[in-house]
Amino acid sequence: MKYLKRLNREQLQAVKHTEGPLLVLAGAGSGKTSVITCRIAYLLLEQGVPPENVLAVTFTNKAAREMGERLEELVGKTRREGVIVSTFHSLGVRILRQECRHLGYKPNFSIFDSSDQLGLIRQTMREIGFDGKKITPETIHWKISTLKNGLIQPGDFKPHFSDEAELLVARVYPRYQKQLKACNAIDFDDIIMLTVGLLQEHPKVLASWQERFRYLMVDEYQDTNPAQYLFISLLAAGSRNLCVVGDDDQSIYGWRGADIRKILSFDADYSGCRVIKLEQNYRCSGNILKAANEVIRNNPTRKDKTLWTESGPGNPIHLLVAADEEEEATTVVERIATERFRRKAPYKEFSILYRTNAQSRAFEEQLRVENIPYILVGGMRFYDRKEVKDALAWLKVLANTADEQSLLRIINFPRRGIGESTISKINSWSLEQSVPLFEALGRIEDVPGLTLTARQRIFDFHNLLKGECEVFANGRRLADKARDLFTRLGIEAELMASMDDRAAAMRKVENVEQIVNSLAIYAAKSPATTLSGFLERLALMDEDYDKKDNKEHELDAVTLMSLHSSKGLEFPHVFLVGLEEDILPHRRSIYEDVSVDEERRLMYVGITRAKKQLTITRCLARRKYGKNEERVPSRFLVEIPDEMISHQQGATAQILTAEENNMMAEDTFAKLKAMFGE
């Protein structure tokens, strides 16, 4: 039981409470992952619970992977493999693969990504006579996604008759869902909605999974939306051995459906629930924690807790006032360069956090001027690049010929002289005759209005597909098969011919090569390799930074990211920039929620990313459409005790004396207090 000795009193209490509902309120940096992994180890090693009876659910693949690795260190590989450590969506797919026959799907169903979904929605809108100009497919996609996250089925949606977009959704949604099922496909939002529906409508299925998962743990519980809440509630209703871990003060995803009320009311929803608070912080210095506590206590609806540390007060918080965004960026970059020189600190210890991605421009430009390497979180992901999606579409069709969106994508990639008119005629005939598109290609002689040349090209393409389906029928040597496929198709030649810039074309070719590399890595790690399994893994990938797969993380580089992206990370030196009204808090949030509670939680998250030094910046003016506008300091600055802050100015203000600096600071805070109160 050595693993228990490194836990503090509250952590140990959470680990040993194994029967009945448990709410663990885990403040920032309080060691919640250790609690979850040690609790699982305690169940397995001390309580004798079979591994297959334990389920741990979190929100990201990165978090699930880290949790699994730490659990393996505690209990060994064999026991760890029996425990399900999963994201909500991966868990949903696991259940659907085994039970989808109850819903009329085949187990090899495809999972459509955003591009596939938009293509299908665009097609559906055309079929009912909408061109997508006034109301875009993206708008309809977002509204359908919102409905699914609220578990609203097509037949249950009641549009507002004054809302043209909702009226269109009411027509598109049922057709879109019918088309998905015809392709033996689901979209990302279906994963939870269909799983919940399955468990609700089939009591025997629910009972079997409740019996399987006797001990359930949910990480980051404050981020659950209503669908995820119901999903986990159904599974836990049998044993009631549900432990949820989270922090209401870090609930920052309300805009994507997270419902903070679920964690706030958990102890009321589950009778006999025990509540344990983890308040000892192992990350930040005392001053940083005090600032975070003082800011967040202004939110009226929260679970009371106060973070503390044994590490001492540390450095004061720096408040940098700059003339404009250019000086803000210049001064921040100069501070980074100076700290690197003085303390020999690597660049990777520094992070610049902002409220909106648009704020990164000035910092990126200045870092480039100073030749300082940086990582920008939020750029286009590898699997979103066109050449990658085109190549993957081939693999998707070979795994599931009913995936018509992917089939339409590859029918003329690489180019084989099949024009849009030919494709449109085949697709229309397929829809009119209720014949799957793949079958329609095999019956090309029945499709009217095609030339002999077009028929021959379709015939050749269909035969090519049939042959490749046979090649990929088993999971052996998938990487070799994919490499040979891409070579036979001539994808490299197609990409090289499509661009005048040879270097840029080569980068695209290398991206396609990386698909083969990814397949090889997957095959090496997965004993039961299947093409469907590989594609499922890609479909469930999120936007986390993956230190193992992304070589940028091996660089010694400054990290630039939004506050939303920073959650769960930590850096010795943090620059929290743009502390002005309309930025943090954001103008949209101010209009939507006068209390700006979620914006304050964002501020709290930003503060608690810093381990040793926190620097906050604001500007006196910023450009808007090319013109300078005066800026009002953020109301959150008033909430940090003045005695904890070291007031500093940018380059243009450094001619002021110390007395003048103090007067400026006092005047600023006096105005803020007059505006927003004490």
Side-chain angles (χ1 to χ4, degrees), residues 108 110 112 115-116 118-129 131-132 175 178-180 182-185 386-473 481-500 505 508-509 512 531:
N108 69 333
S110 295
F112 277 19
S115 176
D116 297 327
L118 282 171
L120 189 55
I121 288 172
R122 193 174 288 111
Q123 174 185 318
T124 305
M125 290 174 67
R126 284 198 297 265
E127 290 172 4
I128 61 176
D131 58 13
R175 289 175 171 84
K178 185 177 180 180
Q179 284 286 79
L180 274 176
C183 293
N184 192 38
K386 182 181 182 303
E387 66 276 10
V388 173
K389 293 181 73 66
D390 288 340
L392 280 174
W394 272 93
L395 301 182
K396 289 181 178 181
V397 171
L398 297 181
N400 175 19
T401 55
D403 184 346
E404 296 189 356
Q405 288 299 305
S406 295
L407 187 52
L408 289 170
R409 190 177 189 114
I410 67 171
I411 198 168
N412 199 41
F413 174 79
R415 286 172 290 184
R416 52 182 54 84
I418 300 174
E420 289 294 329
S421 175
T422 298
I423 296 171
S424 177
K425 289 175 182 177
I426 298 170
N427 199 33
S428 296
W429 185 84
S430 169
L431 292 170
E432 291 168 2
Q433 302 298 320
S434 298
V435 174
L437 183 58
F438 183 78
E439 182 181 336
L441 297 178
R443 295 170 54 183
I444 196 63
E445 295 296 332
D446 297 335
V447 181
L450 299 180
T451 65
L452 289 176
T453 301
R455 292 183 194 278
Q456 184 61 49
R457 288 169 177 167
I458 292 295
F459 179 81
D460 292 341
F461 173 66
H462 186 253
N463 281 341
L464 171 64
L465 275 181
K466 286 197 301 182
E468 294 299 339
C469 283
E470 293 176 5
V471 171
F472 280 80
K481 292 175 182 178
R483 182 185 62 246
D484 294 342
L485 170 67
F486 296 158
T487 300
R488 285 194 296 273
L489 292 173
I491 288 179
E492 178 175 346
E494 172 86 355
L495 293 172
M496 295 301 293
S498 67
M499 301 184 68
D500 295 329
K508 291 181 177 291
V509 170
V512 174
L531 187 56

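These numbers were taken from a predicted model, which means no experiment stands behind them.
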Which atom pair, heavy atoms only, marks the closest approach of [X] to [Y]?
| X | Y | result |
| --- | --- | --- |
| F472 | A482 | CZ-N, 3.7 Å |
| L120 | Q405 | N-OE1, 3.4 Å |
| R409 | S115 | NH1-OG, 3.5 Å |
| I491 | A391 | CD1-CB, 4.5 Å |
| A402 | A182 | CB-O, 4.4 Å |
| A440 | V435 | N-CG1, 3.8 Å |

Which value, rounded to the nearest 0.5 Å, describes the distance between [X] atom [atom1] and [Y] atom [atom2]?
| X | Y | atom1 | atom2 | value |
| --- | --- | --- | --- | --- |
| R488 | D484 | CZ | CG | 5.5 Å |
| L441 | K466 | CG | NZ | 11.0 Å |
| E445 | R455 | CD | CZ | 5.5 Å |
| E470 | L398 | CD | CG | 11.5 Å |
| E387 | L495 | CD | CG | 6.5 Å |
| D403 | F112 | CG | CZ | 4.0 Å |

- Message: Walk me through whether K481 and L531 qualify under side-chain contact (heavy atoms from CB on, under 4.5 Å).
- Response: CA-CA 11 Å; K481 292 175 182 178; L531 187 56; over 6 Å; no

- Determine the sole option in T401, V397, I411 for which the side-chain contact (heavy atoms from CB on, under 4.5 Å) test with S406 is passed. V397

- If a pair satisfies side-chain hydrogen bond (donor to acceptor under 3.5 Å, both in side chains) and one of its residues is in residues 418-433, list it, with sequence neighbours excluded.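 Sorted pair list comes back empty.
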
- Message: Apply side-chain contact (heavy atoms from CB on, under 4.5 Å) to residues V447 and I458 and explain how you reach the verdict.
- Response: CA-CA 11 Å; V447 181; I458 292 295; over 6 Å; no

- I128 atom CD1, over 12 foreign heavy atoms within 6.0 Å: yes

- Query: Do side-chain atoms of E404 reach the backbone of L437 as a donor and acceptor pair under 3.5 angstrom?
  - Reply: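 A pair under 3.5 Å: yes.
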
- Return yes if some donor-acceptor pair links the side-chain N/O of R457 with the main-chain N/O of G417 below 3.5 Å, else return no.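 Yes, R457 side chain to G417 backbone: donor-acceptor pair under 3.5 Å.
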
- Item | Residues that F486 engages under ring pair (Phe, Tyr, Trp, His ring centres under 6.0 Å), provided they are two or more places apart |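 F486 satisfies ring pair (Phe, Tyr, Trp, His ring centres under 6.0 Å) with no other residue.
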
- Tell me, please, which residues at least two apart from E439 pass salt bridge (charged side-chain N to carboxylate O under 4.0 Å, His left out).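 Here the qualifying residues are R443.
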
- Quick one: sort the H462 and F438 rings into parallel, tilted or perpendicular, breaks at 30° and 60°. tilted

- Message: For a 4.5 angstrom cut-off between non-hydrogen side-chain atoms, does L431 reach Q179?
- Response: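 Side chain of L431 against side chain of Q179, heavy atoms only: contact under 4.5 Å found.
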
- Message: Show, in sequence, the C-alpha distance, side-chain angles and deciding distance for L465 and L407, and conclude whether the side-chain contact (heavy atoms from CB on, under 4.5 Å) test is met.
- Response: CA-CA 10 Å; L465 275 181; L407 187 52; 3.5 Å; yes

- Item | Test: K396 and D116 ion pair at under 4.0 Å | yes

- Item | CA sep, side-chain torsions, deciding dist, call: L464, R416, side-chain contact (heavy atoms from CB on, under 4.5 Å) | CA-CA 12 Å; L464 171 64; R416 52 182 54 84; 4.2 Å; yes

